[in-house]
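Take a look at the structure below.
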Amino acid sequence: MVKIAFNAALAHKGKESPAALKDPELAGAPVSIDGSTGRCLLTLLGIAFILSGLIVGGACLYRYFTPKRLYHGSMQFNDRFPAGGEGQPYYLPQVEEKMEISDDMAVISVPPPRFRPGDPAYILHDFNRKLTAYLDLTLRTCFVIPLNTSVVLPPQDLIDLFSQLMSGSYRSYLVQEDLVVTERIDDIKPLGFYIRRLCDGKETYRMQRRDSIQGGGIVKRSTEDCFTINHFENKFVTETRICKT
Ligand SMILES: *[C@@H]1O[C@H](CO)[C@@H](O)[C@H](O)[C@H]1NC(C)=O
């Protein structure tokens with residue numbers, strides 16, 4: 001049964017091709033020069049259209065999905081003494097992180113620290129919008145603050161830093177940063193594509209440096225809910241302490 005059906009299909013196809021040869025349009029093609037020129041132009045136009053589509057599409061993909069390079073590094077740091085000072089303790093704490101760097105942003109993945117308090121987090125620096133977002137993975141909450149360019153190295157310098165980290169253990173020092181939550185952000189669209197993608201569906205808050213708030217240091221510590229994230233995007237480790245009042 002199957003064989004017969006197959007043969008029948010073949011026979012049907014065989015009948016079709018001679019019919020196509022007798023197509024008056026196809027038969028007339030070699031004669032009519034105008035027609036073939038028109039078709040040629042149309043084909044070229046089609047190819048140009050497809051190519052321009054590929055170029056525009058490629059540019060969009062490049063903008064959003066590439067060329068992200070992934071780096072991995074760790075930094076040992078000295079809690080109390082400046083780097084290289086005397087009286088080194090036997091054990092030095094260390095911060096590990098992965099960083100994805102592209103032309104206009106960097107995303108840092110901070111794992112839970114092993115021997116120190118601290119939350120795992122994603123930290124995103126948007127160099128075009130000049131914003132930094134911390135996504136605390138314990139609280140599942142986003143915190144946004146203007147990018148501090150004197151702390152965060154630009155992309156090319158970050159790449160250089162990670163290549164230095166790869167060539168051996170790097171000894172550094174700790175800088176503390178004290179941030180205070182100021183208000184909730186209901187509409188995260190103005191924060192740009194990258195932060196929107198990171199903070200989508202999470203509560204998002206705006207922050208300020210404590211020393212930039214007038215009379216900011218006066219809040220009673222006991223009424224605050226604080227947590228820390230340890231990370232680096234320069235030659236030193238930053239301990240970011242975020243407090244909600
Ligand atoms: C950037 O960070 C440094 C070091 O923590 C601090 O001294 C400075 O005030 C910060 N700048 C801004 C604009 O917040």
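Keep in mind it's a predicted model, so treat the numbers as computed, not measured. In each ligand, atom 1 is the first atom listed, and ligand 1 is the first ligand listed.
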Next on the checklist: Between Arg241 (side chain only) and Ile229 (backbone N and O only), is there a donor and an acceptor less than 3.5 Å apart?
Outcome noted: no
Next on the checklist: Tell me if the centroids of the rings in Tyr173 and Phe77 come within less than 6.0 Å of each other.
Outcome noted: no
Item to check | Ring center gap for His231 and Tyr134 short of 6.0 angstrom | outcome: yes
Checklist entry - Is there a donor in the side chain of Glu177 and an acceptor in the side chain of Thr240, or the other way round, less than 3.5 Å apart? => result yes
Item to check | Glu177, portion touching ligand 1 at heavy-atom distance under 4.0 Å | outcome: neither
Next on the checklist: I want to check a possible cation-pi pair here: Lys244 against Tyr205, using under 6.0 Å from ring centre and within 45° of the ring axis as the test.
Outcome noted: yes
Item to check | For Ser150, the ligand 1 atoms whose distance to one of its heavy atoms is below 4.0 Å | outcome: 1 (C), 2 (O)
Identity and separation of the nearest protein heavy atom to [atom]:
{"atom": "atom 12 (C) of ligand 1", "value": "Asn148 ND2, 3.5 Å"}
{"atom": "atom 4 (C) of ligand 1", "value": "Val151 CG2, 4.0 Å"}
{"atom": "atom 5 (O) of ligand 1", "value": "Arg209 NH2, 3.5 Å"}

